[in-house]
Amino acid sequence: MRKTKIVREIFMGSFGEVSSKRVMMFLSFGIMIVMGIMSTLYSMKVEQFIFDGFLYIVVGGLFSVASEKFTTNYKKINGEN
């Protein structure tokens, strides 16, 4: 029960809805992991520009999600000062 609550909170945005930024970031990170495993274990060549594209999506998503914490809207909704 507690694990599902934690997973649900990971994907929730500042207004309590599912955040598309967080979902895309998680999916892109998963794809990066799969590409790394495929490249290492199965000697499949992954083009550098494809890997870099997913890397930029993940880093951009992390930046935007982290910046939500410092906005005034987020602080007002969650009752923080």
key: Inter-residue atom distance Ile33.CD1 - Ser28.OG, 0.5 Å rounding   = 11.5 Å

task = Measure the spacing between CZ of Arg22 and CG of Leu27 and express it to the nearest 0.5 Å.
result = 14.5 Å

ask   = Are Ile37 and Met35 connected, step by step, through hydrophobic side chains (Ile, Leu, Val, Met, Phe, Trp, Tyr) whose heavy atoms are closer than 4.5 Å?
value = yes

With a cut-off of 3.5 Å and sequence neighbours excluded, list every side-chain donor-acceptor pair involving residues 38-59.
residue: Thr40; atom: OG1; partner: Gly36; partner atom: O; Å: 2.8
residue: Gln48; atom: NE2; partner: Asp52; partner atom: OD1; Å: 3.0

